[in-house]
*Asks:* 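Next up is a structure, given as structure tokens.
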Amino acid sequence: ASMGGLSLQPEGLRPINLLQERNILPATPLQAPIPNVHEDIQKLNCNPELFRCTLTNIPQTQALLNKAKLPLGLLLHPFKDLSQLPVVTSSTIVRCRSCRTYINPFVSFLDQRRWKCNLCHRVNDVPEEFMYNPVTRVYGEPHKRPEVQNATIEFMAPSEYMLRPPQPPVYLFVFDVSHNAIETGYLETVCKTLLDNLDLLPGNTRTKIGFITFDSTIHFYSLQEGLSQPQMLIISDIEDVFIPMPENLLVNLNESKELIQDLLRTLPQMFIKSLETQSALGPALQAAFKLMSPTGGRITVFQTQLPSLGAGVLKPREEPNQKASTKDVPLTPSTDFYKKLALDCSGQQVAVDLFLLSGQYSDLASLGCISRYSAGSVYYYQSYHHQHNPPLVEKLQKELKRYLTRKIGFEAVMRIRCTKGLSIHTFHGNFFVRSTDLLSLPNVNPDAGYAVQMSVEESLTDMQVVCFQSALLYTSSKGERRIRVHTLCLPVVSQLSDVYLGADVQAITGLLANMAVDRSVSASLNDARDALVNAVIDSLSAYRSSVLTIQQPGLMAPASLRLFPLFILALLKQKAFQSKTNTRLDERIFTMCQVKRQPLVYLMLIMHPNLYRIDNLTDEGALNIGDRTIPQPPILQLSVEKLNRDGAFLMDAGSVMFLWVGKNCGQNFITQVLGAPNYASIPHNMTHLPELNTAESCRVHAFIFWLREQRPFFPILYILRDESPWKPSFLQNMIEDRTESALSYYEFLLHIQQKMNK
Ligand SMILES: [Zn+2]
């Protein structure tokens, strides 16, 4: 296969001189590489949106993997919303007797009665029940069972898969009501959104709900049936938090609905005159933990400032200014209080989600641990204010709606198995690692992504393919124990050229980003940045010296890795890893949280935004969904060279969008889409497109709506003209251009080339 330089080789190996090729970014979204397995296997293989590998051609030995200088790992989105999911209700779940792998499409049947495990190679008997196929209603065709026809499947788990009866859905909301919190006005939006979605919370007649507020003291709410209004109970001894009454603090949602609605209507007004400046978050979380311990469930905490009282109090740590060395950025937690509490929560099947709505430094590096180790998530709304920052109000409202109404799994565990010889050594995401390969997930949500790093412990000699299987065991909101299983099958290769041929550049970038977060925390930002650059230098050097047979001047990369330097440069310039900028510390930490929990598709968008010209959208090539026509403009490179003063451009950066309007933009776009009489009258703080009754407006709205509806978070739209306050943020995403302190894409390539020639 090593025919470098000749035209007979596969497209993925075609050598590309990056210094010459200026248009390497495809105009349409990049697709995951298709593993080079037999057609019959490919038809059954797992969807890459759910489960994919950095190297779709698995190196046969660790020596070969080391030589390639690329990381081997998996990226998963295991609980993603699916339009179709086969559910198996058999009483026997067929698993390998030796390694406990679930029977799957990639096992082999030796005969009608025996199957060979594709992970440990043990031969197992086919149970009698498996001989009957409930789908086809035919006896004697075990290979046609749904378990061996679907790489993604869900089992109903029998009683041996539970340690106790399935827990009911329990939701506890914890609100900061200090003076600062009341000033932001968030409580009104949150209570309103909760009221609107109360009936849509996942659950059944067993669903329980409760509320705690806190400032310098902790306030519980009795919602006992028969009370004429909720009763507030105040605990002022925050050094020794206790639960003031055994019942009626977590109440049945159905039975106490009116009292709950009453509380949600009155809460926003209750603290309006508060002079309390203190925020005893630590004690409030301890109280919440005690309340939830008997059942487990989900704690949702809203915090607006640095915790200032009681256990878990945090001190302001200096924000680095632009000249500060990236070495000194405090990325590690200043206390282990939140991590310890998270582990306690995890042990009782309690997850904590943190909504931070803060204008000041709040030490997210410490606070974030409460979610990270309890399998929760962090949401961050910097400088939230109900009047001064209306786009954030809309963002909170939209994201909270998704949060409240998306599906949820309780007391879950996930295990990832791989074929004998391969071994997982590092996990990335929000969870607690209970034993070497068992992830404890008190809650599992459909928007969370995970990554793992692997090594080849024993050579995979004589193996054609290897398999990976993730199994997620959880309790549904309806009280059913279920197991969702994904299985991925990949070929094994012995040639370095084949390893490069199968490289998945997006998956590699995503895994490296996760590794860089760990490196930033355990070593330093500079170390993490160096490691990212070295990944490019080392892999392209190895490709040049071991695969390319004809040496030529320039910077050569195989086609499969042609976007690798670009994506790494994009990572280096994003808020998580950039040096010498005035990124606020909590913002940097939040971006790192995003890297750790976003599924790959969203992570790529955040790191390398999509840029489109949108003042000339047409129906040509448009998508038709139902009665909607959605224009599909080509994706442009992230350089100001691609902007044109005559046009208007949309940058989709995942969690934020920018619409840049050129100075000489056609009058048509300005009046028919922006609804302004001329360029000069476009407001400087515009964050909404008017809905105008014009074809142009409809097209732009359809496109932006379509982009937004495909993700679980809500990007704010900033509309920019010249000298807009948002211009620096927009330009910062033009990652191919040079800035005062960072290299342009071309300079970066020269830098790589120079390092390779050393
Ligand atoms: Zn096995």
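Being a predicted model, the structure only gives us computed values, none of them experimental.
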*Asks:* Can you measure from CD1 (Ile606) to OG1 (Thr591) and round to the nearest 0.5 angstrom?
*Replies:*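 It comes to 8.0 Å.
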
*Asks:* When you measure from the side chain of Asn45 to the backbone of Ile41, do you find a donor-acceptor pair of N or O atoms at a distance under 3.5 Å?
*Replies:*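 Looks like no, no N/O pair under 3.5 Å.
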
*Asks:* Would you say the side-chain atoms of Lys80 pair up with the backbone N or O of Gly449, donor to acceptor, closer than 3.5 Å?
*Replies:*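 Judged by distance alone, no pair lies under 3.5 Å.
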
*Asks:* Any chance the side chains of Asp737 and Ser639 put a donor and an acceptor closer than 3.5 Å?
*Replies:*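 Note: Asp737 and Ser639 side chains meet the donor-acceptor criterion.
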
*Asks:* Tell me whether Glu21 at atom CD has more than 12 heavy atoms from other residues, nucleotides or ligands lying less than 6.0 Å away.
*Replies:*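 Counting neighbours around CD of Glu21, more than 12 heavy atoms of other residues, nucleotides or ligands fall under 6.0 Å, so yes.
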
*Asks:* Check Arg588 against Ala576 and note the closest heavy-atom contact, atom names and distance.
*Replies:*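 The answer is NH1-O, 3.2 Å.
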
*Asks:* Any non-hydrogen side-chain atom of Leu603 less than 4.5 Å from a side-chain atom of Val595?
*Replies:*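 In contact.
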
*Asks:* Counting only N and O atoms by type, is there a donor-acceptor contact under 3.5 Å from the side chain of Tyr500 to the main-chain atoms of Ser539?
*Replies:*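 Answer holds: yes.
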
*Asks:* Checking Lys573 side chain against Ile735 main chain: does a donor-acceptor pair fall under 3.5 Å?
*Replies:*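 Yes, because the side chain of Lys573 sits within donor-acceptor range (under 3.5 Å) of the backbone of Ile735.
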
*Asks:* Return the minimal non-hydrogen interatomic distance between Asn445 and Ser377, and the atom names on each side.
*Replies:*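 Asn445 and Ser377 have their closest heavy atoms at ND2-OG, 3.7 Å.
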
*Asks:* Does the side chain to side chain contact (heavy atoms under 4.5 Å, CB included) test come out yes or no for Val465 and Leu490, once each step is laid out?
*Replies:* CA-CA 5 Å; Val465 295; Leu490 297 176; over 6 Å; no

*Asks:* State whether the number of non-hydrogen atoms from other residues, nucleotides or ligands found under 6.0 Å of Glu620 atom CD is greater than 12.
*Replies:*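 Atom CD in Glu620 is not packed in, count stays at 12 or less.
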
*Asks:* Might you confirm whether atom CZ of Arg628 has over 12 heavy atoms from other residues, nucleotides or ligands at distances under 6.0 Å?
*Replies:*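 Yes, the 6.0 Å shell around CZ holds more than 12 heavy atoms from other groups.
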
*Asks:* With no hydrogens and no angle check, is any side-chain donor or acceptor of His486 less than 3.5 Å from a backbone partner on Cys46?
*Replies:*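 Not confirmed, His486 side chain does not pair with Cys46 backbone.
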
*Asks:* Parallel, tilted or perpendicular: which one describes the rings of Phe748 and His751, with boundaries at 30° and 60°?
*Replies:*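 Ring orientation of Phe748 relative to His751: parallel.
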
*Asks:* Between Arg417 and Asp437, is there a salt bridge with N-O shorter than 4.0 Å?
*Replies:*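 Not counted as a salt bridge, because no side-chain N and carboxylate O are separated by less than 4.0 Å.
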
*Asks:* Where does the angle between the aromatic ring planes of Tyr602 and His77 fall among parallel (under 30°), tilted (30 to 60°) and perpendicular (over 60°)?
*Replies:*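 Tyr602 and His77: perpendicular rings.
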
*Asks:* How far apart are the closest heavy atoms of Ala516 and Ala528, and which atoms are they?
*Replies:*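 The answer is O-CB, 3.4 Å.
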
*Asks:* Using modelled atom types only, decide if a donor and an acceptor are shared between the side chain of Thr509 and the backbone of Phe567 within a distance under 3.5 Å.
*Replies:*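 It does not hold such a pair.
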
*Asks:* Check the pair Glu696, Arg699 against salt bridge (charged side-chain N to carboxylate O under 4.0 Å, His left out), reporting the backbone distance first and the verdict last.
*Replies:* CA-CA 5 Å; Glu696 292 84 349; Arg699 283 200 187 100; 5.9 Å; no

*Asks:* Within a radius of less than 6.0 Å around NZ of Lys398, do more than 12 heavy atoms belonging to other residues, nucleotides or ligands occur?
*Replies:*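 Yes, NZ of Lys398 has more than 12 neighbouring heavy atoms, counting only those of other groups under 6.0 Å.
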
*Asks:* Are more than 12 heavy atoms from other residues, nucleotides or ligands located less than 6.0 Å from atom CG of Leu82?
*Replies:*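 Check passes, neighbour count above 12.
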
*Asks:* Are Phe590 and Tyr379, when compared by the centres of their aromatic rings, separated by less than 6.0 Å?
*Replies:*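 So the answer is no for these two rings.
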
*Asks:* Look at Asp615 together with Arg645 and state whether they make a salt bridge at an N to O cut-off of under 4.0 Å.
*Replies:*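 Looking at Asp615 and Arg645, the cut-off is not met.
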
*Asks:* In terms of the angle between their ring planes, are Trp660 and Phe649 parallel, tilted or perpendicular, with boundaries placed at 30° and 60°?
*Replies:*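 Answer is tilted, since the angle falls between 30° and 60°.
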
*Asks:* Are Thr583 and Gln578 close enough that a side-chain donor and a side-chain acceptor fall under 3.5 Å?
*Replies:*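 Thr583 vs Gln578: donor-acceptor pair found between side chains.
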
*Asks:* Taking NZ, NE, NH1 and NH2 as the nitrogens, is one of them in Lys596 or Asp518 under 4.0 Å from a carboxylate oxygen of the other?
*Replies:*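 Asp518 and Lys596: salt-bridged.
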
*Asks:* Considering only heavy atoms from C-beta outward, does the side chain of Leu74 approach that of Met454 to under 4.5 Å?
*Replies:*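 In short, these two side chains touch, coming nearer than 4.5 Å.
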
*Asks:* Can you tell me how far the SG atom of Cys53 sits from the CG atom of Leu72, to the nearest 0.5 Å?
*Replies:*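 The CG atom of Leu72 is 5.0 Å from SG of Cys53, to the nearest 0.5 Å.
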
*Asks:* For Thr152 and Leu50: C-alpha separation, side-chain torsions, deciding distance, then whether side chain to side chain contact (heavy atoms under 4.5 Å, CB included) applies.
*Replies:* CA-CA 9 Å; Thr152 289; Leu50 304 175; 3.5 Å; yes

*Asks:* To the nearest 0.5 Å, tell me how far Asp81 CG sits from Leu85 CG.
*Replies:*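 Spacing of CG (Asp81) from CG (Leu85) equals 11.0 Å.
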
*Asks:* Just checking Glu747: does its CD atom have more than 12 heavy atoms from other residues, nucleotides or ligands closer to it than 6.0 angstrom?
*Replies:*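 Yes, enclosed.
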
*Asks:* At what distance, to the nearest 0.5 angstrom, does CZ of Arg22 lie from OH of Tyr746?
*Replies:*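 One gets 7.0 Å once the value is rounded to the nearest 0.5 Å.
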
*Asks:* Side-chain contact, heavy-atom cut-off 4.5 Å: Phe106 with Leu44?
*Replies:*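 Phe106 reaches Leu44 side chain to side chain.
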
*Asks:* Without hydrogens or angle criteria, can the side chains of Arg415 and Ser470 be said to hold a donor-acceptor pair below 3.5 Å?
*Replies:*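 Arg415 vs Ser470: no donor-acceptor pair found between side chains.
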
*Asks:* Is it true that Gln453 and His428 share a donor-acceptor pair across their side chains at a distance under 3.5 Å?
*Replies:*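 His428 vs Gln453: donor-acceptor pair found between side chains.
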
*Asks:* Would the number of heavy atoms belonging to other residues, nucleotides or ligands and lying under 6.0 Å from CD of Gln42 be above 12?
*Replies:*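 Atom CD in Gln42 is packed in, count exceeds 12.
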
*Asks:* Got a second to check how far Asp538's CG is from Ile752's CD1, nearest 0.5 Å?
*Replies:*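 Asp538 CG to Ile752 CD1: 9.5 Å, rounded to 0.5 Å.
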
*Asks:* Using modelled atom types and a 3.5 Å cut-off, is there a donor and acceptor pairing between side-chain atoms of Arg597 and backbone atoms of Asn430?
*Replies:*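 Side chain of Arg597 to backbone of Asn430: no pair is present.
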
*Asks:* Check whether any side-chain heavy atom of Tyr543 lies under 4.5 Å from a side-chain heavy atom of Leu561, and answer yes or no.
*Replies:*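 They are not in contact (no side-chain heavy atoms under 4.5 Å apart), so the answer is no.
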
*Asks:* Flag the pair Arg711 and Asp652 as a salt bridge only when some basic side-chain nitrogen lies within less than 4.0 angstrom of an acidic carboxylate oxygen.
*Replies:*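 Judged by the 4.0 Å cut-off on N to carboxylate O distance, Arg711 and Asp652 do form a salt bridge.
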
*Asks:* Determine whether Pro558 and Val547 make a side-chain contact, defined as any pair of heavy atoms from C-beta on separated by less than 4.5 Å.
*Replies:*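 Contact flag for Pro558/Val547 side chains = no.
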
*Asks:* Could you walk me through whether Leu611 and Ile635 pass the side chain to side chain contact (heavy atoms under 4.5 Å, CB included) test, one step at a time?
*Replies:* CA-CA 6 Å; Leu611 180 68; Ile635 296 171; 5.8 Å; no

*Asks:* So does Ala622 get a backbone contact from the side chain of Asp619, meaning a donor-acceptor N/O pair under 3.5 Å?
*Replies:*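 No, the answer is negative, given that no donor and acceptor are paired below the 3.5 Å cut-off.
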
*Asks:* Tell me yes or no: between the side chains of Gln574 and Gln732, is some donor less than 3.5 Å from an acceptor?
*Replies:*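 Absent: no donor and acceptor within the cut-off.
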
*Asks:* With distance as the sole criterion, is a donor-acceptor pair present between the side chains of Glu399 and Tyr381 under 3.5 Å?
*Replies:*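 Indeed, the side chains of Glu399 and Tyr381 share at least one donor-acceptor pair under 3.5 Å.
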
*Asks:* Is the shortest side-chain N to carboxylate O distance from Arg402 to Asp447 below 4.0 Å?
*Replies:*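 Salt bridge: yes.
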
*Asks:* Are any non-hydrogen side-chain atoms of Thr687 and Leu717 less than 4.5 angstrom apart?
*Replies:*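 Not in contact.
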
*Asks:* Under 3.5 Å, is there a donor-acceptor pair linking the side chains of Asn57 and Asn36?
*Replies:*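 No donor-acceptor contact under 3.5 Å links the two side chains.
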
*Asks:* The test is side chain to side chain contact (heavy atoms under 4.5 Å, CB included); show your working for Leu707 and Phe705 and say whether it passes.
*Replies:* CA-CA 5 Å; Leu707 290 174; Phe705 182 84; over 6 Å; no

*Asks:* Hey, does Leu689 have a side-chain heavy atom less than 4.5 Å from the side chain of Ser697?
*Replies:*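 Ser697 vs Leu689: side chains apart.
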
*Asks:* Give a yes-or-no answer on whether the side chains of Gln60 and Ser494 include a donor-acceptor pair shorter than 3.5 Å.
*Replies:*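 Gln60 vs Ser494: no donor-acceptor pair found between side chains.
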
*Asks:* Does any non-hydrogen side-chain atom of Gln506 lie less than 4.5 Å from one of Phe564?
*Replies:*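 Answer no - side chains too far apart.
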
*Asks:* Keeping Asn150 on the side-chain end and Ile153 on the backbone end, is there a donor-acceptor pair under 3.5 Å?
*Replies:*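 Looks like no, no N/O pair under 3.5 Å.
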
*Asks:* Any sub-3.5 Å donor-acceptor pair from Thr419's side-chain atoms to Cys467's backbone N or O?
*Replies:*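 Yes: the side chain of Thr419 pairs with the backbone of Cys467.
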
*Asks:* Find the distance between OG1 (Thr56) and CD1 (Ile58) and round it off to the nearest 0.5 Å.
*Replies:*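 The CD1 atom of Ile58 is 8.0 Å from OG1 of Thr56, to the nearest 0.5 Å.
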
